[in-house]
Chemist: 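The structure's right below; bear with me while I get my questions together.
Whatever order the structure lists them in is the order used to number ligands and atoms, beginning at 1. Along the sequence shown, residues are numbered consecutively beginning with 1.
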Amino acid sequence: MDGKSVELAGVTMVFDGFTAVHPTDLHIPAGEFHSILGPSGCGKTTLLRILSGFQRPSAGHVLIGGEAVDHLPANRRPTAMIFQSLALFPRMSVRENVAFGLEARGISRRERSARADELLALVALEAHADKRPDQLSGGQRQRVAVARALAVEPAVLCLDEPLSALDLKLRQHMRTELRALQKRTGVTFIYITHDQGEALTMSDRISVMNKGRIEQVGTPTAVYDAPATPFVAGFVGEQNVFTGKVTSVEKEFARIDGPGGTFTGRRTPDVALGDQAVLMVRPERTGLVDDERNGVNRLAAQVEGRELEGPYLNLVTRDATGRRIVLHLANDGSVHPATGATVIGFRPEDAIVMPVTDGRAAAVAEH
Ligand SMILES: Nc1ncnc2c1ncn2[C@@H]1O[C@H](COP(=O)(O)OP(=O)(O)OP(=O)(O)O)[C@@H](O)[C@H]1O
Ligand SMILES: [Mg+2]
């Protein structure tokens, strides 16, 4: 199997006057594991349906392997799609499910069966070929769906939130399996999810989508550590958020003055003196500082509670303005205060300052 590149050029979708997808350009190289990450209703499924030919866009073009496929229906495109529901055939055996797509291609029964067994071996289900889907676990059914989709040898495999029905442990296991399978086959994977953990662990690159627009395309590290917009910063991972007016801009840093105090962080290039801005810092980059009230980026807070996550501990605090500030601390045996007054702080290089434009403030508040 060989992957192919995917290109969206000005793809737009308007439903009855509602723009579900604003004009979108995206290039995905052959063999990439690409995730489309965003909240419910942001247009992820619509984009994937357009790409695989189930939905005709209002405008724009789709190219696969450098060739326009606009005129091709879904079954003639080199794509396969796995829907959230999986849609396995309940009365057919696992082997028949996998072989199903090959029948329409005029492949002999014997060859279909042999090919299905090969694919079942690929997803480590050869021992289950004669079972029906209802005799399998959720993760096994998931793998049948993947094998069935790969049977038609797609160059691009589209997966629409395929793991959302599985429990946490199985989901984490399947992440690793899907990623390994993608590497092994070289097929381009386009993977829709609203789960940032999934996108960060599996992808070569991620498109972060909000309200019908891709706000950032980048590697997991880029999207997490250098978010391009407040929405991306707030949606991918957690942030402690401070607001204020920009009172100093110096090289790559900016300072804001707000109700909670004066804070400094790295800045995006578009920050200007006098802007309304947000400063965001990750809970794992926010720490307790003993009696250093005079340092940079320090503030007094009250500890309100602690949530144990196993290896980590969330310390939930509130500052004098009532702002909730969360600290994500390693559960390393040190004693953290469960209640009472404390001083928290963060390094300027761990915080990011971005200007707030109309829409952007709302995006931060929502998350
Ligand atoms: N056939 C349709 N007719 C009208 N509106 C539609 C149609 N399909 C989708 N929409 C609207 O387009 C928007 C995007 O829908 P889409 O299914 O792409 O979202 P999504 O990002 O996949 O969300 P989810 O994570 O909930 O699956 C939604 O507001 C939805 O109501
Ligand atoms: Mg969807």
Chemist: If we count only N and O atoms by modelled type, under 3.5 Å, do the side chains of His34 and Thr188 hold a donor and an acceptor together?
Modeler: no

Chemist: Using every non-hydrogen atom in the two residues, find where Ala80 and Val152 come nearest and quote the distance to one decimal.
Modeler: CB-CG2, 4.3 Å

Chemist: Ring-plane angle category for His328 and Tyr312, please: parallel below 30°, perpendicular beyond 60°, tilted otherwise.
Modeler: perpendicular

Chemist: If two hydrophobic side chains count as joined below 4.5 Å and joins carry through other members, does Ile190 share a cluster with Met202?
Modeler: no

Chemist: Under 2.8 Å from the Mg ion (ligand 2), is there any N, O or S atom belonging to Thr45?
Modeler: yes

Chemist: Applying a heavy-atom distance cut-off of 4.0 Å, which protein residues contact ligand 1?
Modeler: Phe15, Phe18, Ala20, Pro39, Ser40, Gly41, Cys42, Gly43, Lys44, Thr45, Thr46, Glu161

Chemist: Can you classify the ring geometry of Phe54 versus Phe83 as parallel (below 30°), tilted (30 to 60°) or perpendicular (above 60°)?
Modeler: perpendicular

Chemist: Heavy atoms only: give me the nearest Phe242-Arg323 pair and the separation to one decimal.
Modeler: CD2-NE, 3.4 Å

